[in-house]
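Everything on this sheet refers to the single structure shown next.
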Amino acid sequence: MWQPNNVERERLEKADRLRALGVELYPARVERTHTTQEAIRAYEAAGDAETVSVTVAGRIRRVNLKGKVAFMHIEDESGRLQLFLRINELGEDQFQLVREKLLDVDDFIQASGTMMRTQAGEVSVQPTHIRLLAKSLSPLPVIKQQVKDDGTVVEYGEFTDKETRYRQRYADLAVNRDVREVFVKRTRIIQAMRSFLDREGMLEVETPILQPLYGGAAARPFTTHHNELKQDLYLRISFELYLKRLIVGGFDAVYEIGRDFRNEGVSFKHNPEFTMMEFYKAYIDYNGVADIVERMTKTICQQANGSTTIVYRGHTIDLGSPWARITMRAAIQQATGIDYMDYQTADTLRQAIHERFSHTFKPDETWGKMVEHLFSEHVEPKLIQPTFVMDYPRDISPFAKRVQGDDFHVERFELYIGGMELGNAFTELNDPLDQAARFEEMAQLYRKEDDDATPTDEDYLRAMRYGMPPMGGFGMGVDRLVILLANVESIRDVLLFPHMRPEA
RNA sequence: GGCCUCGUAGCUCAAUCGGCAGAGCAGUUGACUCUUAAUCAAUUGGUUGUGGGUUCGAGUCCCACCGGGGUCACCA
């Protein structure tokens, strides 16, 4: 329930006074002819000789009342524009709205008049008519701007409280222009990604978000229920198994950009719902996938940032040069001195890690998870420049094809940039009997952790039995790519409405 | 979920050893017909996240809870 504070009570009173004057507070019609920046360009293009008449609209961001004259800045998405309001041009009645401060900073108004330049040199509108478009009842945080001679803008006053900014993103966006720019960049990144994949000849598809069985990743799902069908359903944790079914169906290459849901912890790089891109392409292996991913990421970066060199958390990262490829085994050996192939059972590896780092695992930890631990602890944070880490332990990769003549590894890579995992790829397992055995193996390994196992998907196995061509596949955390290219701290800074606990 | 840390006016922040809750911005009133962080004068605004406790006295110390941030666990 809204409890108006002092400022809000003032504004409610002003709203009453405006209504008493016959002013409509929330009219439906607007007569805008120019955005603020179009108006400025039209004036500058015309030269001082011509009269340029405009009607502009926007939010009042500054009022400077000087007796019988007033200056206002209004702002629309394109930028700010000054209104030079004079009692002579506006007339007593309209100027009264300004002089009695019935129009507040934060209100939306429209102004009609001719373009001119003030004595101080600022291109402005000199209105003969103004009209309220929407009354603001609650004040936005106050930010004042000083435009320096060199054009840089210094801001005084801040709106920095993270909790309020995330909960009230509308206020954050209205006040903090750089926040708007992050989300424009996010959209550009996704557009660039989509058009790249289209040009590669891949078909964009949509697969179920509500799934009778979840799979394709190791994560706990959100569960829901269809009342009429009396059916439990899961929100998808990945698109993988549906997209590969489509390759069975005869598409050579498909991709999807959409939302995944994982019922896990929240952190600077984890949100319960997040945006994923996955593609699958027949007749290539994971080396072919890596080539596509490298070209794609370079193209996206060039289009979104105008360069393939980025700065992230103080690191200068060069995405333009050819990317490093290293096996997981070599990477771990370099970083820790441990060649895990010297310890081919869970017990021996556990002991080796304990001796070297005195780290203790759960008693039933698998060999692959321990290898993964070594990697994420000792290698991952150091992978600042773009790096493909190739060939992962088999027991943590149930959908990847074995490395020929190697019982321990599968053809899988992950992409690391800025010490952060951005993507995951396989030469996809297409042998239905091997796949069935892997499901069984996963069920054995993870039996104890009730809901963490990858459930056997019989329909997926049926699809594979019809014949699945050799293919490579890839998945990328889109939010993380945006974090990287926008150089922001947290996934919450690239989600318009990040997940928060309930207020109050 | 464990641990650490923060929560004071609409926003950004003060408040000494536990001793009268304050400032700037904005808001209100007044002055000003080319200002631009406008200026000048006066002025309103607080259940200090919530609930307990210790104390003559709590924004400050203790406990619990709520919310944020960080970190570990879980997890890409």
What contact category does [X] fall into here, base, sugar-phosphate, or nothing, at under 4.0 angstrom with non-hydrogen atoms?
{"X": "A:E122", "result": "base"}
{"X": "A:F95", "result": "nothing"}
{"X": "A:K148", "result": "nothing"}
{"X": "A:R492", "result": "sugar-phosphate"}
{"X": "A:R501", "result": "sugar-phosphate"}
{"X": "A:M420", "result": "nothing"}
{"X": "A:K68", "result": "base"}
{"X": "A:Q168", "result": "nothing"}
{"X": "A:R262", "result": "sugar-phosphate"}
{"X": "A:Q119", "result": "base"}
{"X": "A:E155", "result": "nothing"}
{"X": "A:L422", "result": "nothing"}
{"X": "A:K101", "result": "sugar-phosphate"}
{"X": "A:G265", "result": "base"}

Between B:A38, B:C34, B:U28, spot the one nearest the side chain of A:K144, thanks.
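In terms of side-chain proximity for A:K144, the closest of B:A38, B:C34, B:U28 is B:A38.
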Return the nearest nucleotide to the side chain of A:E10; candidates are B:U36, B:U28, B:U71.
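Nearest listed nucleotide: B:U28.
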Heavy atoms under 4.0 Å is the rule here; annotate nucleotides 3-12 of chain B 5' to 3' with B where the base is hit, S where only the sugar-phosphate is, and - elsewhere.
-------SSS
Tell me yes or no: between the side chains of [X] and [Y], is some donor less than 3.5 Å from an acceptor?
{"X": "A:E122", "Y": "A:H73", "answer": "yes"}
{"X": "A:E256", "Y": "A:T207", "answer": "yes"}
{"X": "A:T51", "Y": "A:T114", "answer": "no"}

Would you call [X] and [Y] a salt bridge, using N to O less than 4.0 angstrom?
{"X": "A:E428", "Y": "A:K244", "value": "yes"}
{"X": "A:E75", "Y": "A:R62", "value": "no"}
{"X": "A:R177", "Y": "A:E181", "value": "no"}

Here's a test for you: under side-chain contact (heavy atoms from CB on, under 4.5 Å), which of A:E421, A:M328, A:M390 qualifies with A:E414?
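Option passing the side-chain contact (heavy atoms from CB on, under 4.5 Å) with A:E414: A:E421.
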Which glycosidic conformation, syn or anti, is assigned to B:C17 if syn requires a torsion within 90° of zero?
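Here the answer is syn: the torsion falls within 90° of 0.
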Heavy-atom donor-acceptor pair, A:D104 side chain to A:D107 backbone, under 3.5 Å
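No, the answer is negative, given that no donor and acceptor are paired below the 3.5 Å cut-off.
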Send over the distance from A:E503 CD to B:U50 P, rounded to a whole Å.
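Result: 15 Å.
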Starting from C1' on B:C75, measure out to CG on A:N424 and report it in whole angstrom.
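Between C1' of B:C75 and CG of A:N424: 14 Å.
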Ring centroid separation for A:H373 and A:F375, is it under 6.0 angstrom?
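Centroid distance A:H373-A:F375: not below 6.0 Å, so no.
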Is the centre of the A:H354 ring less than 6.0 Å from the centre of the A:F361 ring?
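No, the ring centres sit 6.0 Å or more apart.
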Applying a 3.5 angstrom cut-off to the pairing atoms, does RNA chain B sit in any stems of at least three consecutive Watson-Crick or G-U pairs? List them by first number.
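So the stems come out as B:1-7 with B:66-72, B:10-13 with B:22-25, B:27-31 with B:39-43, B:49-53 with B:61-65.
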At under 4.0 Å, does any side-chain N or O of A:R167 touch on OP1 or OP2 of B:G67?
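False: A:R167 side-chain N/O out of range (4.0 Å or more) of B:G67 OP1/OP2.
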Toward the 5' end of RNA chain B, which comes first, A:D104 or A:Q146, by nearest nucleotide?
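Here A:D104 is the residue nearer the 5' end.
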Cation-pi check, A:R194 onto A:F279 ring (under 6.0 Å, within 45° of axis):
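Negative - A:R194 is either too far from the ring of A:F279 or too far off its axis.
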